[in-house]
Protein chains: 2
Amino acid sequence: MRESTAAGCDRCGVDRLCLFGRVAGLRIRRIRTNRGTPLFRSGERVEALFAIRSGCVKEVDVSTGRDGTIVNFATAGEILSLQSLACAPSRTTAIAVESSFVCVVPWNAVNQASLSAPRITRELMQLIAKAGLEARESLALVRDKEARQRVAGFLLNMVARSQARNVSTCELRLPMNRDDIANYLGLRSETVSRCFTDLARQRLIQVKAKRVQILEECELRRIYSGA
Amino acid sequence: MRESTAAGCDRCGVDRLCLFGRVAGLRIRRIRTNRGTPLFRSGERVEALFAIRSGCVKEVDVSTGRDGTIVNFATAGEILSLQSLACAPSRTTAIAVESSFVCVVPWNAVNQASLSAPRITRELMQLIAKAGLEARESLALVRDKEARQRVAGFLLNMVARSQARNVSTCELRLPMNRDDIANYLGLRSETVSRCFTDLARQRLIQVKAKRVQILEECELRRIYSGA
DNA sequence: CGTTGAGTTGATGGAACTCAAATAGCGTGG
DNA sequence: CCACGCTATTTGAGTTCCATCAACTCAACG
């Protein structure tokens, strides 16, 4: 709809692609999704790359029984469907956790652009590899860790990602509800809740619904890495 | 040492790269590692892509306290260090689980080759994306699953990977010991052992040390996906 | 035959799940 | 503004599953 370098792109993780894309004439569409609305569904062929401008989108693996498992939360500045080029139909469904603005960059446009500029190819590969590393990190987050550690790690991760784009702050707004957090961490919402109150009782954090303040980041980090 | 298309390359996951590489003059070194020997260590800059020709190599995240956590087993035909281009120093250490033969393909050679042939770039991206997807799968394997399910899923995964290169067979040889399996699955070796005997008691598998026969794959699959 | 290391089995406690009930938030309409 | 209903979250009690620790089996080896 708009020019790809409109206000906010400088904080967007895809900005480099956008800049290169502008050179090659990349067309970028922006869409708005409401809470609960899917960006793409499991089984569909994903033809585009989704860059989250604002809001939060969860990627859900619906193949694993029940209501599926959340494999990733993508927040402002992050990119979705990076590994979709590997398998024709997507294995995940992407659902907005809250109202979100998303840039949609068609894959063939990206590929076009990357043909003319090898640097784009390189950036792209690094982004894909990074997405893989993040999957490994969330693996480390849930395996061998008990509930308190997982929750601590989750908070630290959210803070780090929030600080990557905002000014350094310890005030955190969690876009998703407890059930989603629990799902993502392989726990139950009750357990997550207990951990929150537990950490709050120790004065490491302060919780008020979706607002969390990190009071003792160091101590939290100590808990995460096996207190 | 040898020509890259020597006997066995047709079963190797990297064969396409090798073939293209031959065109561009890729130099491929082959090395042999004994059990316990590291291919590369955490913190080192990984300059090459490692393709396992035979044997088994485990990738260990040593940052997570104790003796580290195994994030991946690479067996014949699979490729290691695909996401190393995303972060300068490797976050994992790669250790041979048994005596292994490995092809070492320098990254700059790969990049050279990919400059001249866009198809190689594309293959490479798909391989990297696939590695990311596999990380997500192993995430699904340990999260929300109880011990029996994890072990069942592990066996199914090993069988599938073994069948991808051998003739279809239900006879399986596990290259790694129980501790490594337990580590990989986020369990204890005792628990893995119990699950094995449990599944064997149900006549779904037959276990004899490192040799496992899959008797009822369907039933195993049923257990994996939440019996 | 004793030693060593890997693997199995048994007994026990603790962490997290389950079910259930209480409480807090939040938007809606009176 | 307050009452209402709805949902999200917190808290409590009982149960299950797995980690822990320890004993035991088995095979390989000198």
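Naming: A, B, ... by sequence-line order, numbering from 1 per chain. Hydrogens, waters and symmetry mates are skipped; everything else that's a heavy atom, side chains included, is used.
Considering only the side chain of Arg194(A), dT18(C) comes nearest among dG7(C), dT18(C), dA22(D). In the set dA22(D), dA15(C), dC18(D), the nucleotide with an atom closest to the side chain of Glu146(A) is dA15(C).
Summarising the geometry, the separation between CZ on Phe196(A) and P on dT11(D) is reported as 12 Å, rounded to the nearest angstrom. When the P atom of dG25(C) is taken as reference, atom CZ of Arg211(A) falls 14 Å away, rounded to whole Å. Atoms NZ (Lys145(B)) and P (dC18(D)) sit 13 Å apart, rounded to a whole Å. At whole-Å resolution of the value, CG in Asp198(B) and C1' in dC17(D) are 13 Å apart. In this entry the distance linking CG of Leu187(A) with C1' of dT18(C) reads 14 Å, nearest Å. Here dT10(D) presents its P atom at 13 Å from NZ of Lys208(A), a figure rounded to the nearest Å. The distance between atom CG of Leu185(A) and atom P of dC17(C), rounded to the nearest whole Å, is 10 Å. Arg35(B) places its CZ atom 10 Å from the C1' atom of dG5(C), with the value rounded to the nearest Å.
Between Thr191(A) and dA16(C), a side-chain N or O to OP1/OP2 separation shorter than 4.0 Å is absent. A close approach under 4.0 Å does occur between a side-chain nitrogen or oxygen of Arg188(A) and OP1 or OP2 of dT18(C). In this structure, Lys210(B) does not reach the dA6(C) phosphate: none of its side-chain N or O atoms is under 4.0 Å from OP1 or OP2.
Looking at Arg178(B), its side chain does come within 3.5 Å of a backbone N or O of Ala209(B) through a donor-acceptor pair. Using modelled atom types, one side-chain atom of Arg143(A) and one backbone atom of Ile70(B) make a donor-acceptor pair closer than 3.5 Å. Side chain of Gln149(A) to main chain of Glu146(A): a donor-acceptor pair is present (N/O by atom type, distance under 3.5 Å, no hydrogens or angles). Judged by distance alone, with hydrogens and angles left aside, the side-chain atoms of Gln206(B) form no donor-acceptor pair with the main-chain N or O of Ile214(B) at under 3.5 Å. Looking only at distances, no side-chain donor or acceptor of Arg161(B) sits under 3.5 Å from a matching main-chain atom of Ala76(B). In terms of modelled atom types and a separation under 3.5 Å, the side chain of Ser100(B) and the main chain of Cys56(B) share a donor-acceptor contact. A donor-acceptor contact shorter than 3.5 Å links the side chain of Gln163(B) to the backbone of Thr169(B).
Within the 4.0 angstrom heavy-atom criterion, no nucleotide atom of any strand lies near Ser189(A). Ala209(A) comes within 4.0 angstrom of nothing in the nucleic acid, heavy atoms only.
Between the CD atom of Glu217(A) and the CG atom of Leu155(A) there is a distance of 10.5 Å, given to the nearest 0.5 Å.
For DNA chain C, no neighbouring residue in residues 148-158 of chain A is found when judged by any heavy atom under 4.0 Å. Taking every heavy atom of residues 173-184 of chain A and every atom of DNA chain D, pairs under 4.0 Å involve Asn177(A), Arg178(A), by number.
A heavy-atom distance below 4.5 Å is not found between the side chains of Arg45(A) and Pro89(A).
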